[in-house]
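I have placed the structure first, in the form of structure tokens, so that the comments after it can refer back to it.
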Amino acid sequence: MESIPSDINTVAATDGGLHFLTPEAWKALLSPYSHIVLVANSEAVDFERLRSELPETALYVFFNNVYKVLDEPFAGHAVLVARSGVMGANIVHRREAADVLRFFAGDDFMGVVNLRVSPEENFSEESRFNGARARHLDLTQMIGDLYPTGKIATSGFALALWLAELQLPGKILLAGFSAKRSEKWKVFDVHDWTFEQIFLRLFARMGTISMMGGVDTSPYAALAKRFPQVPPIEIAMTAAEVLSERLHNANSQIDRLMSVTKSIRAVEGFFRRFKPKTRKQRFLEKSKE
């Protein structure tokens, strides 16, 4: 594999410990890899299958709290995406940088990409990442007009879209992007999981990306094979009709649960008023002064 080119002469801006690359510099940095593998923090990730099927020239992209998917230091080409929040990179202000970065070492570790997707999010300086090299990536403009209002894009979705637009020679592979809550890890309601799954699966069917784990094939593909005389739009409309009825039935049960648990939620709300404020809440209050 060829050596990765230096980005010293292709930095768009360097200000106060923040390092931004031009699209050309990013493309030069990532082009030597045969595969760019985005690894979701999900139990759907099958590392044994990934490492057995992919060559050593693959770059693995991890996100934030990698201990959700890694039990030991990772051996291979890797980069860590650190998502920003209002107080800077989440792993920085939560003092988790050292715990996360211990999973990466050696020349195969490209460093940290501090990612910003929403205007309310702020970057952390390179010096805050426990000695690791850090680059900064601002995708607020790219995501702003695309994503549903009132929701915030996940790091994986934003990065997949950005990588696709870079038009790299290597293949983009999403591993474990199931958007399903498990007994161990939850999914956050601030993201529009339905929109992201529709978008990513359309990308996959266009051949722009590939997906492994959770959504290898469409469960409705068998319907088209069984009923070749039925137009695809009719199959889609029939599936939407059934799903709409099931959603209506589920909402009825949810309304019933909300009624039954009303008193429990009232007690919980009362005691929540006595819960100490978090550092984030104190930071936001201070910033408004």
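The distance between the ring centers of Phe74 and Phe62 falls below 6.0 angstrom. A distance of 6.0 Å or more separates the ring centres of Phe103 and Tyr67. Aromatic pair Tyr33/Tyr60: ring centres not closer than 6.0 Å.
Environment of NZ in Lys151: crowded, with over 12 heavy atoms of neighbouring residues, nucleotides or ligands closer than 6.0 Å. For CG of Asp255, the number of neighbouring non-hydrogen atoms (other residues, nucleotides, ligands) closer than 6.0 Å is greater than 12.
The main-chain N or O of Ala89 is found under 3.5 Å from a side-chain atom of Ser124 such that the two form a donor-acceptor pair. Proximity of a side-chain donor or acceptor of His136 to a complementary backbone N or O of His19 within less than 3.5 Å is detected. Between the side chain of Arg133 and the backbone N or O of Phe109, no donor-acceptor pair lies under 3.5 Å. Although no hydrogens or angles enter the test, the distance criterion places no donor-acceptor pair under 3.5 Å between the side chain of Asp138 and the main chain of Leu115. Without hydrogens or angle criteria, Arg116 side chain to Pro119 main chain gives a donor-acceptor distance under 3.5 Å. Looking only at distances, a side-chain donor or acceptor of Ser52 sits under 3.5 Å from a matching main-chain atom of Arg49. The backbone N or O of Gly17 sits nowhere less than 3.5 Å from a side-chain atom of Glu126 that would complete a donor-acceptor pair. With Asp145 contributing its side chain and Gln141 its backbone, the two residues share no donor-acceptor pair below 3.5 Å. Looking only at distances, a side-chain donor or acceptor of Thr22 sits under 3.5 Å from a matching main-chain atom of Ala25. Side chain of Thr238 to backbone of Glu234: a donor-acceptor contact under 3.5 angstrom is found.
Contact of the Trp26 side chain with the Leu137 side chain is registered, since non-hydrogen atoms from C-beta on lie closer than 4.5 Å. For the pair Val100 and Leu80, the minimum side-chain heavy-atom distance is below 4.5 Å. Contact check for Val37 versus Leu59: no side-chain heavy atoms found under the 4.5 Å cut-off. With a 4.5 Å cut-off on side-chain heavy atoms, Met142 and Glu165 count as touching. At a threshold of 4.5 Å between non-hydrogen side-chain atoms, the residues Leu38 and Phe63 count as touching.
Ring-plane geometry between Phe203 and Phe199 is classed as perpendicular, the angle between the planes exceeding 60 degrees on a 0 to 90 degree scale with a lower cut at 30.
The hydrophobic cluster containing Ile172 also contains Met206, counting ILVMFWY residues as joined when their side-chain heavy atoms lie under 4.5 angstrom apart, directly or transitively. Leu243 and Leu202 fall into different hydrophobic clusters, where Ile, Leu, Val, Met, Phe, Trp and Tyr are joined by side-chain heavy atoms under 4.5 Å apart, directly or via other members. Phe157 and Ile152 fall into different hydrophobic clusters, where Ile, Leu, Val, Met, Phe, Trp and Tyr residues are linked whenever their side-chain heavy atoms come under 4.5 Å apart, directly or through other members. In this structure, Met258 is not a member of the same hydrophobic cluster as Leu247, with clusters built from ILVMFWY side-chain heavy atoms closer than 4.5 Å. Tracing side-chain contacts under 4.5 Å through hydrophobic residues (I, L, V, M, F, W, Y), one reaches Val61 starting from Leu166; they form part of the same cluster.
Atom NZ of residue Lys27 and atom CG of residue Leu163 lie 12.0 Å apart, to the nearest 0.5 angstrom. Here the straight-line distance linking atom OG1 of Thr154 with atom CG of Leu159 works out to 9.5 Å at 0.5 Å rounding. Distance CD/Glu241 to CZ/Arg246: 13.5 Å, rounded to 0.5 Å. To the nearest 0.5 Å, atom CD of residue Glu120 and atom OG1 of residue Thr140 are 10.0 Å apart. How far CD of Gln167 is from OG1 of Thr208: 9.5 Å, rounded to the nearest 0.5 Å. For the atom pair CG (Leu174) and CD1 (Ile36), the distance works out to 11.5 Å, reported to the nearest 0.5 Å.
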Could you walk me through whether His77 and Glu56 satisfy the side-chain contact (heavy atoms from CB on, under 4.5 Å) test, starting with their C-alpha distance in whole Å, then the side-chain angles of each, then the deciding distance to 0.1 Å, before giving a yes or no?
CA-CA 8 Å; His77 299 287; Glu56 294 183 357; 5.6 Å; no
Determine whether Val112 and Arg135 satisfy the following criterion, side-chain contact (heavy atoms from CB on, under 4.5 Å), listing intermediate values before the conclusion.
CA-CA 6 Å; Val112 176; Arg135 301 174 179 87; over 6 Å; no
Please assess Asn251 against His248 for the test side-chain contact (heavy atoms from CB on, under 4.5 Å), listing each intermediate value before the final yes or no.
CA-CA 5 Å; Asn251 284 337; His248 174 73; 5.6 Å; no
Test side-chain contact (heavy atoms from CB on, under 4.5 Å) applied to Leu200 and Leu161, step by step:
CA-CA 9 Å; Leu200 293 176; Leu161 179 59; over 6 Å; no
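A donor and an acceptor atom, one from each side chain of Ser84 and Asn114, are located under 3.5 Å apart.
The two residues Tyr147 and Asp192 come nearest to each other via the heavy atoms OH-N, 2.9 Å. Between Ala75 and Arg51, the closest heavy-atom pair is O-NH2, 2.6 Å. Residues Thr57 and Ser34 come closest through the heavy atom pair OG1-OG, 2.6 Å. Among all heavy-atom pairs drawn from Leu54 and Leu173, the shortest one is CD1-CD2, 3.9 Å. Pairing each heavy atom of Ile235 with each of Ala224, the nearest pair is CD1-CA, 3.8 Å.
Checked against Glu48 for a side-chain contact (heavy atoms from CB on, under 4.5 Å), the options Leu50, Val45, Asp46 give a single hit: Asp46.
The existence of a salt bridge linking Arg83 and Glu121 is confirmed by a sub-4.0 Å separation between a basic side-chain nitrogen and an acidic carboxylate oxygen.
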